[in-house]
S.K.: 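Below is the structure I would like to discuss, written out as structure tokens.
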There are 2 protein chains.
Amino acid sequence: MVSIRDVARLAGVSVTTVSRVINRRGKTSKATEERVWRAIEVLQYRPNLLARGLRSQKTRLLGLLVPDIDSPFFARLARYIEEAAYQRGYNLILCNVGEDPKKERHYLEVLLQRQVEGIIFPRVSDESLLFRIPSLSRVPYVVLDRTLEHEEAPTVKLDNLAAGALAASHLLELGHKKFACISGPQKITVCRERLEGFLARLAQEGIPSHDVLVVEGDFKIEGGRKAMETILSLSSPPFALFCMNDMMAFGAIQVAKERGWRVPEDISVIGLDNNPLCEVFSPPLTTVAQPFDRIAKEGIALLCKLIEKKKIRKKSITVPPYLIVRQSTAPFQEQ
Amino acid sequence: MVSIRDVARLAGVSVTTVSRVINRRGKTSKATEERVWRAIEVLQYRPNLLARGLRSQKTRLLGLLVPDIDSPFFARLARYIEEAAYQRGYNLILCNVGEDPKKERHYLEVLLQRQVEGIIFPRVSDESLLFRIPSLSRVPYVVLDRTLEHEEAPTVKLDNLAAGALAASHLLELGHKKFACISGPQKITVCRERLEGFLARLAQEGIPSHDVLVVEGDFKIEGGRKAMETILSLSSPPFALFCMNDMMAFGAIQVAKERGWRVPEDISVIGLDNNPLCEVFSPPLTTVAQPFDRIAKEGIALLCKLIEKKKIRKKSITVPPYLIVRQSTAPFQEQ
DNA sequence: CTCAAGAAGGAAAACGTTTTCGAGGTACTC
DNA sequence: GAGTACCTCGAAAACGTTTTCCTTCTTGAG
């Protein structure tokens, strides 16, 4: 391994000077800089980042703690997080925690041991765990896509109230009168917010909340199927359905078709997320899109500010959703 | 920051002893061990992994260099890679390189600077780049899902010949006589292998290769669409279609339906990968499944052996595909 | 000419571990 | 009783950087 000492020797300067040249800090003459760079080039020298991190306390390392990288949602988010981190010169340690609280706790410890400068949580699974780790208070973190009960937690997420309202508005504009909703787990704050936005918008048009059939799902295809079965056993088309993510919408539509209902003629369905498969599904799914790129970008930006101990204007950021109309929603028609 | 020195002081032993206890190497009496562990507990001491890595040359860090984490294929693979790495006590640095050779090169350098013990490449984009980095020769690596031209490169991948044959067998058993294939880019070795397996199996039944319509796609939905348009302009149903991944099959089926053809009645379609969305697609897609879990597991196992400089039996491993029959394939019927 | 200030660069400490080497003690063998 | 093996443990070096502190030299002002 070629070290900074070898560079110093070849360039005929001290180790200190080499370090100064590399880090562009302190004064060095043009001539020495030239010699140092040439020596680096000749020896193909690359600084050892472990040593640098150890000494300088700056590792340029971030932890990415994600529930399930093998889900379109998180994979998408991870991609943009990586992009934003890369642009700022940070590397990411990938921690896929699944449903395993032990693994989550373990990873949290390991990240701290690795001296990460910050941690980004796309949806933390168990927030109480988070704050039970004492040393965590020393490293900045940002939570994406989830509202934490914890008072001061910095978060970046969709404007979920607006998202619910957007879905409602679209369905109302199409003339629908009867509504159902497949929600995510209600213990998750974002789901409650989406529902609130949806119902509030309907209420504005004189549709009372107790007229809207709300069934809880699990954000997965299978949960969407089950929820749709419940809905169809309690109510009959035509109606308009808002699913709190696209996966559940896929499951729900599948069940509807199996039962002989047509989408969108009998049932209009709108999803949420804008999963890339919306386009290829049949019918292509109308959805409330999340701007994943902005969420990730704002998240990393916020985290960096926290790391640099800058003044923060707002510790919680919401980004607006937007509507993508495809073919799973259609004007209401009397049957 | 509480360091090993603090632990030593509190336990009334030397730093050496604390290190010995933690790493379970060398002899220590039960009594001292007890005292050390208690001190660690009291102080909530956690070793600094940077320092450990610097001194011991063992970072327990792996690089994961992936073309696009936001693709179902790689996300799935990444998930199982993470799982396998986690079980062996390794952490992963996530490098998403996209189509950007500069980024790939940069990440390769950074990984080496971070002293990773190995690198795992699910499909390396440009292999020549790989071997142009001189220092890379010092760190072990494994390539997944791609055959490299480079002589000795350790790889783990699907048995692509078998995969192609499996698709052919299934379609033959259904009685089909006319075949088409949407391939991935032919410059990729795995695609050539799949095609070879497919055509060889057909040839066994007396169907000559030049009777099979092969169109090249790009592994994406849009590529599947375009390829299908070409196929339908050159040939007319009924026929059986083998797509080299599921995404292209989705696109192809979409086009077929738009043109008024029925799947599977007019066109039987079989995909490859077993994307989770096969189930929810309509019709649910018959496919040749890749055992992602095994590929990832064998890949990490191989990498670990290389790191530990163990004797390797085989540097290249192939794992068998398996067939999942759903509803996009049906017995051939005269129209 | 003197003096102060600044530019350029070096020696050594420091970061927090592991590892090497060796010291001291105890138990066992002959 | 001497020699030896083994167990237990500590001092100090080492890993490859950055950072602190200091020295030397040059320049310009008065």
Side-chain angles (χ1 to χ4, degrees), chain A residues 1-37 39-40 43-61 109-117 135 138, chain B residues 1-37 39-40 43-61 89 109-117 135 138-139:
Chain A
M1 194 71 230
V2 28
S3 85
I4 196 172
R5 232 171 295 271
D6 304 309
V7 176
R9 198 169 317 128
L10 181 59
V13 297
S14 76
V15 165
T16 314
T17 301
V18 177
S19 174
R20 267 195 278 255
V21 171
I22 292 174
N23 297 295
R24 297 182 165 73
R25 107 171 65 247
K27 299 289 174 184
T28 44
S29 76
K30 268 274 163 254
T32 7
E33 282 177 24
E34 191 61 31
R35 282 213 315 287
V36 169
W37 284 121
I40 288 176
L43 297 175
Q44 281 288 307
Y45 165 73
R46 296 292 178 269
N48 180 321
L49 294 183
L50 292 184
R52 173 180 290 175
L54 177 60
R55 176 61 237 232
S56 70
Q57 313 280 40
K58 302 218 171 307
T59 56
R60 310 245 71 174
L61 217 44
E109 297 258 15
V110 169
L111 288 179
L112 296 173
Q113 292 185 42
R114 290 213 185 265
Q115 316 296 115
V116 297
E117 293 188 47
S135 28
R138 294 186 317 98
Chain B
M1 193 72 227
V2 27
S3 86
I4 198 173
R5 234 171 290 273
D6 304 308
V7 176
R9 200 171 312 130
L10 181 58
V13 297
S14 76
V15 165
T16 315
T17 300
V18 177
S19 173
R20 267 196 279 258
V21 171
I22 291 175
N23 297 295
R24 296 181 168 73
R25 107 170 63 245
K27 300 287 175 182
T28 44
S29 76
K30 268 275 162 252
T32 10
E33 281 178 24
E34 190 63 29
R35 284 214 313 286
V36 168
W37 285 121
I40 287 175
L43 297 175
Q44 281 287 307
Y45 166 72
R46 295 291 178 269
N48 180 322
L49 263 30
L50 291 184
R52 172 179 290 175
L54 176 60
R55 177 60 237 231
S56 71
Q57 314 279 41
K58 303 219 168 307
T59 55
R60 307 246 76 177
L61 219 43
E109 296 257 14
V110 168
L111 288 178
L112 295 173
Q113 291 184 45
R114 290 213 184 268
Q115 316 296 117
V116 296
E117 294 187 45
S135 29
R138 297 188 316 98
V139 34

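Numbers restart at 1 for each chain; the letters A, B, ... are given by sequence-line order, proteins then strands.
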S.K.: For A:Ser19, which residues count as a side chain to side chain donor-acceptor pair (under 3.5 Å) partner, sequence neighbours excluded?
M.R.: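 Side chain to side chain donor-acceptor pair (under 3.5 Å) check on A:Ser19 returns A:Asn23.
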S.K.: Applying side chain to side chain donor-acceptor pair (under 3.5 Å), name anything that partners B:Arg55, two or more places apart in sequence or on another chain.
M.R.: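 Checked B:Arg55 against side chain to side chain donor-acceptor pair (under 3.5 Å); zero matches.
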S.K.: Indicate whether OP1 or OP2 belonging to C:dG9 is found under 4.0 Å from a side-chain N or O atom of A:Ser29.
M.R.: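 A:Ser29 to C:dG9 OP1/OP2: side-chain N or O found under 4.0 Å.
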S.K.: Could you work out, with salt bridge (Lys or Arg N to Asp or Glu O under 4.0 Å) as the rule, every residue matching A:Lys27, not counting sequence neighbours?
M.R.: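 So A:Lys27 forms no salt bridge (Lys or Arg N to Asp or Glu O under 4.0 Å) with any residue.
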S.K.: Checking A:Thr59 now: which residues fulfil side chain to side chain contact (heavy atoms under 4.5 Å, CB included) with it, not counting sequence neighbours?
M.R.: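 So A:Thr59 forms a side chain to side chain contact (heavy atoms under 4.5 Å, CB included) with A:Leu61, A:Gln115, A:Glu117, B:Leu50.
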S.K.: Name all pairs fulfilling the salt bridge (Lys or Arg N to Asp or Glu O under 4.0 Å) condition that reach into residues 3-17 of chain B, sequence neighbours left out, sorted by first residue then second.
M.R.: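 Pairs touching residues 3-17 of chain B that pass the test: B:Asp6-B:Arg9.
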S.K.: Using rotation axes that map the C1' atoms of four end pairs onto the next four (five pairs an end), what angle separates the end axes of the helix from C:dC1-D:dG30 to C:dC30-D:dG1, to 10°?
M.R.: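 Terminal axis comparison yields 50°.
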S.K.: Under 4.0 Å between any heavy atoms, over every strand shown, what does A:Val13 touch: base, sugar-phosphate, or nothing? Just pick one.
M.R.: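 The answer is sugar-phosphate, as A:Val13 gets under 4.0 Å only of primed atoms, P, OP1 or OP2.
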S.K.: Looking at every strand, decide which applies to A:Thr16 at a 4.0 Å heavy-atom threshold: base, sugar-phosphate, or nothing.
M.R.: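 If one applies the 4.0 Å heavy-atom cut-off, A:Thr16 turns out to touch a base.
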S.K.: Who pairs with B:Arg114 by side chain to side chain donor-acceptor pair (under 3.5 Å), at least two apart in sequence or on another chain?
M.R.: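 B:Arg114: side chain to side chain donor-acceptor pair (under 3.5 Å) contacts with A:Asn91.
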S.K.: Could you list where the contact with chain B starts and ends along DNA chain D, reading 5' to 3', using a 4.0 Å heavy-atom cut-off?
M.R.: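 Reading along DNA chain D, I get D:dT8 to D:dG16.
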S.K.: Using a heavy-atom distance cut-off of less than 4.0 Å, which residues of residues 17-28 of chain B contact DNA chain C?
M.R.: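 Those residues whose heavy atoms fall under 4.0 Å from DNA chain C, taken from residues 17-28 of chain B in numerical order, are B:Ser19, B:Asn23, B:Arg25.
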S.K.: For B:Gln113, check side chain to side chain contact (heavy atoms under 4.5 Å, CB included) against everything at least two apart and list the hits.
M.R.: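 Side chain to side chain contact (heavy atoms under 4.5 Å, CB included) list for B:Gln113, sorted by chain: A:Arg46, A:Pro47, A:Leu49, B:Glu109.
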S.K.: Between A:Ile22 and A:Val7, is any pair of side-chain heavy atoms under 4.5 Å apart?
M.R.: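 SC-SC contact between A:Ile22 and A:Val7 ruled out.
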S.K.: I want to confirm an ordering. Mapping A:Thr32 and B:Ser56 to their closest nucleotides on DNA chain C, which one lands closer to the 5' end?
M.R.: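 Checking each residue's closest nucleotide, the 5'-ward one belongs to A:Thr32.
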S.K.: Suppose we screen for side chain to side chain donor-acceptor pair (under 3.5 Å). Which residues come up paired with B:Ser14, at least two apart in sequence or across chains?
M.R.: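 B:Ser14: side chain to side chain donor-acceptor pair (under 3.5 Å) contacts with B:Thr17.
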S.K.: Can you name the residues that form a side chain to side chain contact (heavy atoms under 4.5 Å, CB included) with A:Leu10, not counting sequence neighbours?
M.R.: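 A:Ala39, A:Val42, A:Leu43.
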